[in-house]
Amino acid sequence: MATEQTYIMIKPDGVERGLVGEIIARFERRGYQLVAMKMVHASVEHLEQHYADLKGKPFFPGLVKYMSSGPVVAMVWQGKDVVKQGRVLLGATNPLASAPGTIRGDFAIDVGRNICHGSDAVESAKKEIALWFGEQNPTINYNKTINSWVYE
């Protein structure tokens with residue numbers, strides 16, 4: 001089975017609203033495997049690193065303030081095409097453009113409170129996993145017997 005990893009983060013609004021279990025369940029029901037997870041109250045400096053590509057945007061200070069306002073749940077998910085399909089599960093960045101049935105389409109209204117973050121490419125997933133979990137491989141590798149019923 002060809003497999004890749006992605007970084008998915010449940011933002012403070014998702015944690016505060018009690019959506020952690022629902023979000024995990026949606027990834028699990030799709031057939032993806034959770035291989036690392038932790039709850040973190042990120043520092044401003046850490047978030048500035050994570051969102052470095054957005055630093056010049058006018059909304060950047062508000063984004064960092066919001067993201068540092070409470071804990072997030074940092075996760076690594078593994079499976080076939082999980083980066084692309086993980087973003088499909090999340091829905092569009094703007095929740096109002098997200099289809100019903102997606103996480104953002106079902107639970108969010110404003111871009112500034114859009115429940116979660118998902119890596120946009122395999123390379124950015126690797127960088128984000130290293131930033132949030134450390135340079136060493138943070139994942140726990142295990143074989144799920146159900147994989148033969150999910151993958152050909």
Side-chain angles (χ1 to χ4, degrees), residues 1-15 17-43 45-55 57 60 63-64 66-68 71-108 111-152:
M1 167 182 74
T3 188
E4 65 187 27
Q5 293 182 335
T6 193
Y7 176 73
I8 301 292
M9 175 173 48
I10 303 172
K11 296 178 178 180
D13 56 323
V15 173
R17 292 176 57 197
L19 297 173
V20 174
E22 174 68 29
I23 293 166
I24 290 171
R26 288 184 184 213
F27 276 83
E28 287 182 327
R29 283 194 305 257
R30 181 65 190 259
Y32 292 119
Q33 184 173 359
L34 181 62
V35 294
M37 180 172 77
K38 66 181 178 179
M39 184 174 267
V40 180
H41 197 145
S43 68
E45 295 77 21
H46 191 90
L47 292 162
E48 286 175 345
Q49 251 188 298
H50 178 80
Y51 289 112
D53 59 321
L54 302 174
K55 193 164 187 137
K57 304 285 185 183
F60 183 77
L63 172 65
V64 172
Y66 148 65
M67 289 297 296
S68 64
V72 300
V73 175
M75 300 177 286
V76 180
W77 288 91
Q78 183 171 284
K80 186 177 183 180
D81 204 25
V82 71
V83 172
K84 180 181 172 190
Q85 295 306 314
R87 289 181 64 86
V88 170
L89 285 168
L90 296 180
T93 301
N94 180 349
L96 295 178
S98 293
T102 64
I103 292 165
R104 291 174 176 148
D106 289 349
F107 300 116
V111 174
R113 301 292 184 268
N114 67 359
I115 307 291
C116 35
H117 164 85
S119 299
D120 62 0
V122 172
E123 284 308 309
S124 58
K126 289 177 183 175
K127 288 178 190 171
E128 291 170 348
I129 291 167
L131 176 64
W132 288 89
F133 288 91
E135 294 296 327
Q136 309 85 349
N137 186 346
T139 61
I140 297 172
N141 292 314
Y142 60 101
N143 292 319
K144 291 171 62 177
T145 56
I146 197 170
N147 280 350
S148 65
W149 296 104
V150 176
Y151 298 101
E152 291 184 83

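Model, not experiment: these values are computed from the prediction. Worth knowing before you read on, the calculation uses all heavy atoms, side chains too, and leaves out hydrogens, waters and symmetry mates. Sequence positions, counted from 1, serve as the residue numbers for this chain.
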*Asks:* Quick one: does any side-chain atom of R104 pair with a main-chain N or O of I115 as donor and acceptor, under 3.5 Å?
*Replies:* no

*Asks:* Not counting sequence neighbours, list each pair that qualifies as a salt bridge (Lys or Arg N to Asp or Glu O under 4.0 Å) and has a residue in residues 5-15.
*Replies:* none

*Asks:* With a 4.5 Å cut-off on side-chain heavy atoms, are M37 and V76 touching?
*Replies:* no

*Asks:* Are the aromatic ring centres of F27 and W77 under 6.0 angstrom apart?
*Replies:* yes

*Asks:* Which heavy atom in V15 sits nearest to a heavy atom in V73, and how many Å separate them?
*Replies:* CG2-CG2, 3.9 Å

*Asks:* Less than 4.5 Å apart, side chain to side chain, heavy atoms only: is that true for T6 and Q78?
*Replies:* no

*Asks:* Can you tell me how far apart CG (L90) and SG (C116) are? Round to the nearest 0.5 Å.
*Replies:* 4.0 Å

*Asks:* Side-chain contact, heavy-atom cut-off 4.5 Å: T102 with L89?
*Replies:* no

*Asks:* Take V150 and R30, measure what side-chain contact (heavy atoms from CB on, under 4.5 Å) needs, and give me the verdict at the end.
*Replies:* CA-CA 9 Å; V150 176; R30 181 65 190 259; over 6 Å; no

*Asks:* Verify, without hydrogens or angle tests, whether R17 (side chain) and F107 (backbone) share a donor-acceptor contact under 3.5 angstrom.
*Replies:* yes

*Asks:* Please report the shortest heavy-atom distance between A74 and Y7, naming the atom on each side.
*Replies:* CB-OH, 3.5 Å

*Asks:* If every non-hydrogen atom of S68 is compared with every non-hydrogen atom of L47, which pair is closest and at what distance?
*Replies:* N-CD1, 3.4 Å

*Asks:* For the CD atom of E48 and the OG atom of S43, what is their distance to the nearest 0.5 Å?
*Replies:* 8.5 Å

*Asks:* Taking the side chain as everything from C-beta on, heavy atoms only, tell me whether H46 gets closer than 4.5 Å to L131.
*Replies:* yes

*Asks:* Over 60° means perpendicular and under 30° means parallel, so tell me whether H117 and Y51 are parallel, tilted or perpendicular.
*Replies:* perpendicular

*Asks:* Can you name the residues that form a salt bridge (Lys or Arg N to Asp or Glu O under 4.0 Å) with R26, not counting sequence neighbours?
*Replies:* E22, D106

*Asks:* With side-chain contact (heavy atoms from CB on, under 4.5 Å) as the test, would you mind laying out the steps for V72 and M67 before giving the verdict?
*Replies:* CA-CA 8 Å; V72 300; M67 289 297 296; 3.9 Å; yes

*Asks:* Find the distance between CD (E128) and CD1 (I8) and round it off to the nearest 0.5 Å.
*Replies:* 9.0 Å

*Asks:* Evaluate the side-chain contact (heavy atoms from CB on, under 4.5 Å) criterion for residues R113 and Y66: first the C-alpha distance (whole Å), next the side-chain angles of each, then the deciding distance (0.1 Å), finally the verdict.
*Replies:* CA-CA 9 Å; R113 301 292 184 268; Y66 148 65; 3.4 Å; yes

*Asks:* If I compare all heavy atoms of S124 with all of S119, which pair ends up nearest, and what's the gap?
*Replies:* OG-CB, 4.1 Å

*Asks:* Can you tell if the side chain of V40 reaches within under 4.5 Å of the side chain of P71, non-hydrogen atoms only?
*Replies:* no

*Asks:* For residues T3 and G79, report the shortest heavy-atom separation together with the two atoms involved.
*Replies:* OG1-N, 3.2 Å

*Asks:* Are the side chains of Q85 and Y32 in touch, meaning some heavy atoms are under 4.5 Å apart?
*Replies:* yes

*Asks:* Decide yes or no on side-chain contact (heavy atoms from CB on, under 4.5 Å) for H50 and M9, but give the supporting numbers first.
*Replies:* CA-CA 11 Å; H50 178 80; M9 175 173 48; 3.8 Å; yes

*Asks:* Return the minimal non-hydrogen interatomic distance between V83 and Q5, and the atom names on each side.
*Replies:* CG2-O, 3.5 Å

*Asks:* Would you indicate whether the side-chain heavy atoms of R87 and D120 approach each other to under 4.5 Å?
*Replies:* yes

*Asks:* Does K126 reach the main-chain N or O of A121 with its side chain, forming a donor-acceptor pair under 3.5 Å?
*Replies:* no

*Asks:* Any chance NZ of K38 has more than 12 other-residue heavy atoms, nucleotides or ligands included, within less than 6.0 Å?
*Replies:* yes

*Asks:* Under 3.5 Å, is there a donor-acceptor pair between the side chain of N114 and the main chain of T93?
*Replies:* yes

